[in-house]
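Please read the structure below before turning to the comments.
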Amino acid sequence: MARAITIALLLLPLGVGCRELKGLGDKPAQNLVSDWRDEVVYQLLVDRFANGDKTNDYNLDPSNMNSYHGGDWQGVIDKLEYLQALGVTTIWISPVVKNVESDAGISGYHGYWAQDFTEVNPHFGNVGKLRELSDKVHARGMKIVLDIVTNHVGQLFYYDVNKNGQPDIQIEGSGTESDITRVTEYDPDYKPAGIRSFTSLGDAGPAPIVFFDEPQINRVKPMPAALAVPEAYNRRGRVTDWNIDEQVLYGDFPGGLKDLNTMNPAVQQAMIEVYTHWAELIDFDGLRIDTVKHVEHEFWRVFCQAVRDHAIARGKKEFVMFGEIFDGNDEKVSAYTHDGELDAVVNFPAKYQVFEDVIKKNTEPTKKVQTYWELRAKNYPAFPHENGPSVSPANLPFNFLDNHDVPRFLSDAPSQAALEQALFMLMAMPGVPVIYYGTEQGYKGENDPSNREDLWLSHYDQAHPLYVWIKRLAGFRKDLEPLRRGAMVFKWVTERRTGEDAGILAFARTTQGQEVLVVMNTLDAGTSSTSFEGAGMPTGFPGKTTLKDLVTGQTYTTDDNGAVKLSLKARQNMLLVVAP
Amino acid sequence: MPVSDKPLGEEASSQPVRGEFIFGSFGRIGVFTNQLGKEIQDVDVVSRIPRLQKRPYLELYLGYAKRFSFGEFNALVTPAIAGDPFHYSGQFRADFALRNAYLDVSNIGGLGFFVWAGSRMYRGDDVYLLDFWPLDDLNTLGGGLGWRYGNDSFGWLELAGHFGASRVLGSNFFAQQVAVSDPTFGAIEVVTNNRQRLIGSVKASYYRGIGKWFAFKLKLYVEGHSIAEGAIERRNDVQQILPGDAGYVVGGQLSMFLQNTKNYLHFTVRYGENLGAYGALTVPFALNLQGTSAGAKETLIGLSVFTFWWEHLGVVFGGYYRGFQSARNDEYDAASTEELAGSLRINVSFLRFLQQGIEFTGQRAFPKGIHPDLFRQISPAAFKLSLMPTITSSPENFPELAVRFIYTFTSTNADARYMYVAEDPRAGVRNYHFFGVQAEWLYELRL
């Protein structure tokens, strides 16, 4: 008996009771996207969206907008029904990698202060929970997009300018014989030749960088190891002038966020490896890329094509990469979609030129929308990238009203009708509508961090008028193919700021055999009509066609020439289809 | 530690006798070093590790017993010291606890009733080699009562109930105290959370001899747990409600004995659900979305074999299976696991006071969580072999007094090494060699 027990014991650690172990990468890729224009995207900050798991509530201070508040991936899982009922088909989640815990009293709750690109942020759950989120999103037929950063890491090192082995903030100069200057080794001002050391004897060569070793706030050497060497960084100090391209590309972000040397092949390879890894492991359907214009075009050509090729190789079709180029100049923004770079952009030009200038503030006439749109067509590639989404960058703007980096639409107190109209335009114009979390609850926060409110304070009110409105608009978009995939044909725009057609914006969305007519009065007061000096708006429909406005249910009939004179009250929106 | 096979209950004398002072001690004191001259660190992959590896521990039994015509009183206080209490640290410091401090009155009125109150380690039979109690193992502040009845023809029956409380400190889960402004000056401490885990247990044991050699014991066991709702203050007056919680444990034990020997076998099964799935001295973790333990499950199967076949050879086995599913019940729940471990010790005695022991241990675990670097589940395993020449007070498996010289070889698989973060030296070591000397004693005197 003793012998048998002995043998059993010997076998125990060697395999008795062995079972198949599960790996996250074992599951096949889901292919749920047929055309990204069919999607309604919802951007959320995980920390502020929903707290589903109290056990990861570490170091919270909900009263401080710059601290962790407790949201996590379990919370997102819990609220998928809320999102799906809203009409959302894709969620865009804030970055998932491990961040510097806090820096100068501010926490890395937003996710843009990466320390370890190979691990997940424990505030939000573990990697199994993240995969579970992805699986549950996909099980509902929804998709999930990851927000990523390649431009910088958190404040992981200081410039040891005086070479004394500690980070200093010094005041230098007498104020009489010499100017008083403040020198910080954490975040020194930009120097084109790189941050240099100096001693009492003068220049002492390039300043060494010293990685912090503060594990209690996770401010330690970066991972992967390729990023833990000086050559991985540009080391030129903090941007002082955003109008100088060189600084924009090579300078550290304010707050000491250290700029990666994205022209270094080792850094490029590290970024490709970590993000293709996450894309595959979690089965993300796309990437939203942060701070694109702070990274060289050469990097994006290499990175984007590698990510696309990797996605196709693992059977993931329609994998999308859309990027943030924080600029209202469409020509500049579009430059990042050529030559195999991004598949699409977050549409800052439309945010400013259409949603702010025309719809919200009425500082520009509706003619500007047409001008913008027609120029846009010339700026972007008309053909999709190899192995990328099947829709070209020209047809795939990710349109939005506001996000985590800009004040919310309602922050400067426009009418709620203006927001409803902006949402109407967002859902009716070509591209992919992106809704920033909290919009559906009427949140009004101003700049960061005030625009990052806790959604749970709204109690996820599904009867909120804006929730109901967005849900309705998403329903229109789902039901009407032209709203998703149709071409945009302007029917009425005006340069007049007063008069019978002031503020009128009308365009058709057309696919073969189907047409939807979108009409808005963008003014805050007064009635306007789709006519001028007796001539009505040509619709393109035959004469005597009865059109039904899906918003109000009212019907209208075109005249013998197919034109129609529609009278719209202030901020009124119409969605006209041929009445059955 | 092993339990004798003596019958349950004992007739009290009808006449009062003078009180007895009871003094005893259990001690396990030793020092170990690895092949590099460093202090050893645990390299186990399961929760129940071999007794041989346990850290130094000392208990004293200070008791007083007095018999009256209406019953027998027994008071017992057990001071215990653990941690690193020895002055080799250069410091006067120790972790101290009273593990027992209770008064027990038995055979009340000569009818077999008993009652007790105080702080008590309230336990059944153990898995000796792995130093744990697989069925009933409580340490509460409370009391109990019961009834014993028996004779040789009927067997020996014991029915016992107990009710008590535990209150694990060190987190805010059971108790929180915060400073608030005093109405006059300065700050005062306010207790904002003050909860106990209330535990009730009932057990029924029946022991019976069959023939001259064989005996068995059957035990059924039920345990109920409850925690009242509470609330803790987080920073800036944010309050978090801690919901009330409850759970239960059911289990049973079958033991077999060879009478008049020290040969026995205990087989136990224990199943706990909800709060009962978490140990009585544990702050429940990995709770569900409602913040309760509902959905948690633990299954524990224990086997302890203790033999002493003849004068020169002894065999001891202890093993268990434990399956734990936390209240989260996620596909990749990091808190859920299954584990399997067993130790086999063979003792051969020479010259009455010398023993050569050899012990084999196998451990294997199947944590459900995904490894954060490998992105897959892992299955850590460890194998241990110990050689231990021993000087003992008597040739038996568990002598009253023993000094052991111990060599342990431990080998781990790759997944076991992945349990440690990269900076931990154990992440890069497959095989370990430990050397040590250990004194172990257990004695009790009645004066």
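All chains are named by letter (A, B, ...) in the order of the sequence lines, taking the proteins before the strands, and each is independently numbered beginning at 1. Note: hydrogens, waters and symmetry copies are ignored here, and every other heavy atom, side chains too, is used. Just so we're clear, the structure is a prediction, and the values are computed from it rather than from any experiment.
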> What's the shortest heavy-atom distance between A:Thr55 and B:Ala286, and which atoms?
Replying inline: CG2-N, 4.3 Å
> Non-hydrogen atoms of chain B under 4.5 Å away: do they reach the side chain of A:Asn56, the backbone, both or neither?
Replying inline: neither
> Got more than 12 heavy atoms from elsewhere within 6.0 Å of CZ, B:Arg430?
Replying inline: no
> Is it the backbone or the side chain of B:Ile378 that comes under 4.5 Å from a heavy atom of chain A, or both, or neither?
Replying inline: backbone
> Which atoms form the tightest heavy-atom contact between B:Arg328 and A:Asp53, and what is the distance?
Replying inline: NH2-OD2, 3.0 Å
>> Would you say OH of A:Tyr82 has more than 12 non-hydrogen atoms from neighbouring residues, nucleotides or ligands within 6.0 angstrom?
In response: yes
>> Once rounded to the nearest 0.5 Å, what's the spacing between atom CG of B:Asn288 and atom NZ of A:Lys54?
In response: 11.0 Å
>> Please classify the contact of A:Asp26 with chain B as side chain, backbone, both or neither, using a heavy-atom distance under 4.5 Å.
In response: neither
> Pick from B:Val45, B:Leu287, B:Leu289: which one has the most heavy-atom pairs with chain A under 4.5 Å?
Replying inline: B:Leu289
> How about A:Leu24 and B:Tyr332: do any of their side-chain heavy atoms sit closer than 4.5 Å?
Replying inline: yes
>> Checking the side chain of B:Gln377 only, and the main-chain atoms of A:Leu21 only, is there a donor and an acceptor separated by less than 3.5 Å?
In response: no
>> Just verifying a value: how many Å separate A:Lys129 NZ and B:Ile370 CD1, rounded to the nearest 0.5 Å?
In response: 12.0 Å
>> In the structure I gave you, are the side-chain heavy atoms of A:Lys22 and B:Arg376 within less than 4.5 Å of one another anywhere?
In response: no
> What closest approach, in Å, do A:Val127 and B:His371 show between heavy atoms, and which atom pair accounts for it?
Replying inline: CG1-O, 4.5 Å
>> Do the side chains of A:Lys27 and B:Glu331 get close enough for a salt bridge, i.e. N-O under 4.0 angstrom?
In response: yes
> Do the ring planes of A:Trp278 and B:Phe375 sit parallel (below 30°), tilted (30 to 60°) or perpendicular (above 60°)?
Replying inline: perpendicular
